[in-house]
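Residues: numbered from 1 along the sequence shown.
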Amino acid sequence: MSRVPLRKALADLPAYVPGARVPVGAAAYKLSSNENPYPPLPSVVVAIADAAVDVNRYPDMYATELTAAIAARLGVAQESVVAGCGSVAVLGHVLTAVCEEGDEVVLPWRSFEAYPIAVELAHARGVRVPVGADGRLDLARMADAVTRRTKVVLVCTPNNPTGPAVRDDELRAFLDRVPRDVLVVLDEAYVEFVRDPQAPDALALFAEHPNVVVLRTFSKAYGLAGLRVGYAVARPRLANGIRAASTPFGVSHVAQLAALASLRAEGELLTRVEALVAERVRVLEALWAQGWAVPDSQANFVWLPLGDHATTFAERCARAGVLVRPFAGDGVRVSVGEKEATELFLEVAAAHAPR
Ligand SMILES: *Cc1c(COP(=O)(O)O)cnc(C)c1O
């Protein structure tokens, strides 16, 4: 029987496993997808409702007002900001804009599970460099892995799912070693949660290095995961290439207006981020006191390196009413959410602590 063949690469593609969802009618907390537990602000809901009446029209293709507001907020040129349907889509556009068949993309592993998929879909080849037992990226080894075939290096900081951010000094040393025709993507999906004084200022590095692209998102700190808005900051020539590779009208009108309203309400939203950071610190300290070797997370989640016990631990959490994200054979990632939820998780953790 003849049938339409799918691209061969698809068969080998790792599946993106979404965090478990709460079944309809069940009582459980969802700490499995690094979402913001707070509901949208009333002012953001009003912007969403106002935008709804215009959805018979296509959105502003280049999200002009939004990219202008982001550029002003970050102190970069508007032509350097490319918005997309979540920063995960923007990453895909970045890769398709620069990768030729067979080019290498150096990436840390374990890291964001979308990376290997995006790399394969861009016809490139992923070169994985192990993350240390302390959950930190090994930037020296990542620089060693750069060859003449390398087109892009992905730097996830803080690293999802392990939590630590890279240090400014090690990232600078890394950038000094990477050739200027290799793109370095700084994926800062959790930058608003970083409190480590040694963490880099990605925009300063972007100003100094023409081969640096910064990815950020409204999904985590700004609580707009369901509306899909993220962006890249890149030199204008690269930004134009990313735009050319983007899905036309990728950011909906509703999403554009919600993101603009979120920037206007930034003070209120960042107060919530502060509360989540305080809760992260409380969770980390409780886990350390229980004897867990948990990396010092700078994001809105913590990582338990449970190895072969990851799946059973996640099942125990689910029975206690909290959904967490297991990575089989490796560990469990737990998002920092409502205090009631983190309390339930800490009870399960205490019962299974190493000592
Ligand atoms: C969540 C996340 C993103 C972005 O997600 P979008 O919702 O697509 O903006 C990007 N990178 C990492 C490492 C993430 O964890």
Side-chain angles (χ1 to χ4, degrees), residues 16 18-21 29-41 44 48 66 69-70 73-74 81 83-92 111-115 118 135 154-166 185-196 199-200 202-203 214-233 251 255-256 258-263 265-281 283-284 295-303 323-325 333-338 341-342:
Y16 189 112
R21 299 181 70 88
Y29 292 102
K30 184 167 184 263
L31 300 184
S32 53
S33 296
N34 296 345
E35 293 154 338
N36 196 313
Y38 293 97
L41 291 172
V44 175
I48 290 170
L66 177 60
I70 292 167
R73 168 75 178 75
L74 302 183
V81 181
C85 181
S87 61
V88 95
V90 181
L91 172 66
S111 188
F112 188 28
E113 62 182 328
Y115 291 163
L154 303 179
V155 176
C156 190
T157 180
N159 189 48
N160 174 8
T162 57
V166 299
V185 175
L186 304 180
D187 183 349
E188 291 201 311
Y190 303 95
V191 65
E192 296 86 357
F193 298 94
V194 174
R195 295 295 177 273
D196 181 351
L203 294 169
V214 181
L215 291 184
R216 292 192 178 171
T217 178
F218 285 90
S219 293
K220 312 287 165 46
Y222 294 86
L224 294 185
L227 280 179
R228 318 301 305 121
V229 204
Y231 58 93
V233 182
V251 187
Q256 292 183 30
L260 273 167
S262 301
L263 285 176
E266 195 171 41
E268 266 175 285
L269 289 170
L270 294 183
T271 304
R272 293 170 158 194
V273 168
E274 208 52 59
L276 291 169
V277 168
E279 182 64 2
R280 169 186 84 208
V281 171
V283 170
L284 281 172
D296 185 9
S297 173
Q298 294 294 310
N300 66 344
F301 54 82
V302 297
W303 171 250
L323 304 179
V324 300
R325 174 70 167 90
R333 189 191 66 200
V334 184
S335 311
V336 173
E338 304 87 340
T342 52

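- Here the shortest heavy-atom pairing between Glu35 and Asn300 reads O-ND2, 4.0 Å.
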Discussion item. Please evaluate residues Arg325 and Glu113 with respect to the criterion salt bridge (charged side-chain N to carboxylate O under 4.0 Å, His left out), reporting the C-alpha separation (whole Å), side-chain torsions for both, the decisive distance (0.1 Å), and the verdict.
Written reply: CA-CA 12 Å; Arg325 174 70 167 90; Glu113 62 182 328; 2.8 Å; yes
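- Checked by atom type, the side-chain pair Ser335/Asn34 shows a donor-acceptor distance below 3.5 Å.
- A donor-acceptor pair under 3.5 Å links the side-chain atoms of Ser32 to the main chain of Ala20, judged by distance alone.
- Nearest heavy atom pair, residue Ser33 against residue Gly19, reads OG-CA, 3.4 Å.
- At a threshold of 4.5 Å between non-hydrogen side-chain atoms, the residues Leu276 and Tyr38 count as touching.
- Taking CG of Leu323 as the reference point, atom CG of Leu31 lies at 7.5 Å (rounded to 0.5 Å).
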Worksheet item: For Val214 and Val191, what are the C-alpha separation, side-chain angles and deciding distance, and is it a side-chain contact (heavy atoms from CB on, under 4.5 Å)?
Response: CA-CA 11 Å; Val214 181; Val191 65; over 6 Å; no
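- Atoms CD and CD, on Glu192 and Glu266 in that order, are 8.0 Å from each other to the nearest 0.5 Å.
- The minimum heavy-atom distance linking Pro200 with Val166 is given by the pair CD-O, 3.0 Å.
- For Arg280 (side chain) and Ala299 (main-chain N/O), a donor-acceptor pair under 3.5 Å exists by modelled atom type.
- In this structure, the side chains of Leu41 and Leu269 come closer than 4.5 Å at one or more pairs of heavy atoms.
- Atom CD of residue Gln298 and atom OG1 of residue Thr162 lie 11.5 Å apart, to the nearest 0.5 angstrom.
- Between Leu66 and Leu263 the shortest side-chain heavy-atom distance falls below 4.5 Å.
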Worksheet item: Do Glu188 and Lys220 pass the salt bridge (charged side-chain N to carboxylate O under 4.0 Å, His left out) test, and can you show the C-alpha distance, the side-chain angles, and the key distance before you say yes or no?
Response: CA-CA 11 Å; Glu188 291 201 311; Lys220 312 287 165 46; over 6 Å; no
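- Judged by distance alone, with hydrogens and angles left aside, the side-chain atoms of Gln256 form a donor-acceptor pair with the main-chain N or O of Val251 at under 3.5 Å.
- Side-chain atoms of Asn36 come within 3.5 Å of backbone atoms of Ala221 as a donor-acceptor pair (strictly under, hydrogens ignored).
- Within the 4.5 Å cutoff, the side chain of Arg216 has heavy atoms near those of the Leu203 side chain.
- Two residues are said to be in side-chain contact when any heavy atoms from C-beta on lie closer than 4.5 Å; Val44 and Leu224 meet this criterion.
- The two atoms that bring Gly337 and Thr342 nearest to each other are N-CG2, 3.8 Å, heavy atoms only.
- Under the 4.5 Å side-chain criterion, counting only non-hydrogen atoms from C-beta, Arg228 is in contact with Val88.
- Put simply, the side chain of Leu91 reaches to within 4.5 Å of the side chain of Tyr115, judged on heavy atoms.
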